2 protein chains.
Amino acid sequence: MTIHTSMEFRSATLLGTGAGTGFEALLPASPLQPATLYSSGSEIYAQGEKAGDLYQVEFGAVRVYRLLADGRRQISAFHLSGEVFGFEADKTHHFFAEAIGATGIRVMRPHAGIDFSRELLPLALQSLVRAQEHLLVLGRQNAAERVAAFLLDMAARQGDLEEIDLPMSRSDIGDYLGLTIETVSRVFSRLKEKGIVRLPGLRKVKIVRMHTLRDMSE
Amino acid sequence: MTIHTSMEFRSATLLGTGAGTGFEALLPASPLQPATLYSSGSEIYAQGEKAGDLYQVEFGAVRVYRLLADGRRQISAFHLSGEVFGFEADKTHHFFAEAIGATGIRVMRPHAGIDFSRELLPLALQSLVRAQEHLLVLGRQNAAERVAAFLLDMAARQGDLEEIDLPMSRSDIGDYLGLTIETVSRVFSRLKEKGIVRLPGLRKVKIVRMHTLRDMSE
DNA sequence: CGCCACGTTGAATCGGCTCAAAACCCGTGG
DNA sequence: CCACGGGTTTTGAGCCGATTCAACGTGGCG
């Protein structure tokens, strides 16, 4: 279940998108910090495991989720290049984290220095605000509004380019938005029919009428 | 709209439930820190206002929420006695906070000291985990499961007493759980019929079969 | 005592789900 | 180069749970 290949890199080659986030201070002293390659679907950590480390996405994407006893899944967040995840309130993971497609992850083991919390707090707060916005979507928006909000969020996190990559499957999107894959698919089709988006590939979306999407998500 | 009465207290008289949370360090130096009384429904802060201060509930309860353009409301959290709220990622409030019933609030203006982040991070992380658990409820649970999870959460935060107080209205509960008041009411009635809870008052719930509720919320 | 906001209950509607089948994409091998 | 195969996505039909709309009950307070 947890086939995860490990692979060493020279950080200089890989840093790229990860640089400039201002968290280099958290990295261990070595300037050649190795990263790990996770193959598609492999587990980064599991619910119940000991927590403490943080993770930064080098490339690829990650889904963080919980399961109910009967298998229902709620993805609480996706993490893209450069983003840091793995925060927990206590020393145990309450969620699962898996790679979406081949993904490079840098592990950061923060030694509890003085700067530690000062660096982390803004990141934790950003995650908090994201989660709270997501609550509004899940609690009070219909299927079309949810998908619109999702596309706008993904676009914003990819620099507001009109053509965005969706590394995740329809099933992932459904489990993120609290919808079934069929409903997600139907909304995508309707957005295409109405000329609001184009779908040049299964995992590519070109946003044609950004403002219409914004109106939809209110 | 923002009728909010202000009233001075001697902190020694009021601290009570607020003590022992370990955040006295954040309070200004004065040992007689005044608290403020907010009347039922009055606004503590509004979306768009400048943020920065934190707030600790002395007594009463607070709802934190966002609105959609058409008036739909999502309550992202309730805060009870002793709890700290008001975190934001940037220097602007993205949510509204209102008193539920008469509520005493202690304002904490943390001067950006070294300890600041170290004290705040665990609080922020607790809020984050709560929000993420809430996502699972809103995204993947049905009406009965949502109400069960809500009652268990409220019970846990009131020391796992069998008789719990619900300071908030059915409308607040609905807007917290992503349901209508009618659905909330129907679920309460069915829980009562089945002998899982008793409803000795409109805002009191006696949990008779805790384990059944736990099974329901999975 | 009577008012009025809040809460409960009922009937009909509707949005998203379930179940089912067809279409599509893409890697593989002939 | 094309045919094959398996997984993902799309589309369709019918169903069901939560909502909407409406009426009635209730309890808290002046």
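Everything quoted here is computed from the prediction, not taken from an experiment.
Residue A/G174 is out of contact with every strand shown, counting any heavy-atom pair closer than 4.0 Å. B/I181 comes within 4.0 angstrom of nothing in the nucleic acid, heavy atoms only. If you check every strand for non-hydrogen atoms under 4.0 Å, B/S169 touches sugar and phosphate atoms only. Residue B/T183 is in base contact, counting any heavy-atom pair closer than 4.0 Å across all strands shown.
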Contact list (N/O, under 3.5 angstrom) for nucleotides 3-5 of chain C vs protein:
none

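Here the options are B/V137, B/L166, B/V187, the test is side chain to side chain contact (heavy atoms under 4.5 Å, CB included), and the partner is B/F150; only B/L166 passes. Across B/R203, B/K204, B/K206, a single residue satisfies salt bridge (charged side-chain N to carboxylate O under 4.0 Å, His left out) together with B/D165, and that is B/K204.
The aromatic rings of B/F85 and B/Y55 lie parallel to each other, their planes meeting at an angle below 30°, with 60° marking the opposite boundary.
With contacts defined as side-chain heavy-atom distances shorter than 4.5 Å, the pair B/M216/B/I196 qualifies. A heavy-atom distance below 4.5 Å is found between the side chains of B/L68 and A/R140. When side chains are defined from C-beta on, A/V64 counts as touching A/Y45, because their heavy atoms get closer than 4.5 Å.
Per the geometry, NZ belonging to A/K192 stands 9 Å off C1' belonging to D/dT10, to the nearest Å. Atom CG of B/L138 and atom P of D/dA18 are 13 Å apart (whole Å). Atoms CG (A/D172) and C1' (D/dG7) sit 14 Å apart, rounded to a whole Å. One atom, CZ of A/R170, and another, C1' of C/dA23, lie 14 Å apart when rounded to the nearest Å. D/dT19 atom P lies 13 Å from atom CZ of B/R72, rounded to whole Å. If you measure from atom CZ of A/R190 to atom C1' of C/dG16, you get 11 Å, rounded to the nearest angstrom. Atom CG of B/D175 and atom P of D/dT19 are 11 Å apart (whole Å).
Listed by residue number, B/L202, B/R203 are the residues of residues 195-204 of chain B with a heavy-atom contact under 4.0 Å to DNA chain C. Of the residues in residues 140-148 of chain A, those lying under 4.0 Å from DNA chain C by heavy-atom distance are A/N142, A/A143.
Remark: B/R170 is positioned above the aromatic ring of B/F188, its terminal NZ or CZ atom under 6.0 angstrom from the ring centre and at most 45 degrees off the axis. Annotation: cation-pi pair A/R73/A/Y65 present, NZ/CZ under 6.0 Å from the ring centroid and within 45° of its normal.
In summary, the side chains of B/H93 and B/Q47 do not present any donor paired with an acceptor at a separation below 3.5 Å, with no hydrogens or angles considered.
The side chain of B/E182 sits closest to D/dC21 out of C/dG7, D/dC21, C/dC19. Between C/dT9, D/dT19, C/dC17, one nucleotide has an atom nearer to the side chain of B/S189 than all others, and that is C/dT9.
Phosphate contact (OP1/OP2 of D/dT9, side-chain N/O of A/S185, threshold under 4.0 Å): absent. Checking the phosphate oxygens (OP1, OP2) of D/dT11, no side-chain nitrogen or oxygen of A/R186 falls inside 4.0 Å.
A distance-only check finds no donor-acceptor pair linking the side chain of B/E133 to the backbone of B/R130 [under 3.5 Å]. Side chain of B/Q132 to backbone of A/S76: no donor-acceptor contact under 3.5 angstrom is found.
Here the shortest heavy-atom pairing between B/H79 and B/R157 reads CA-NH2, 3.9 Å.
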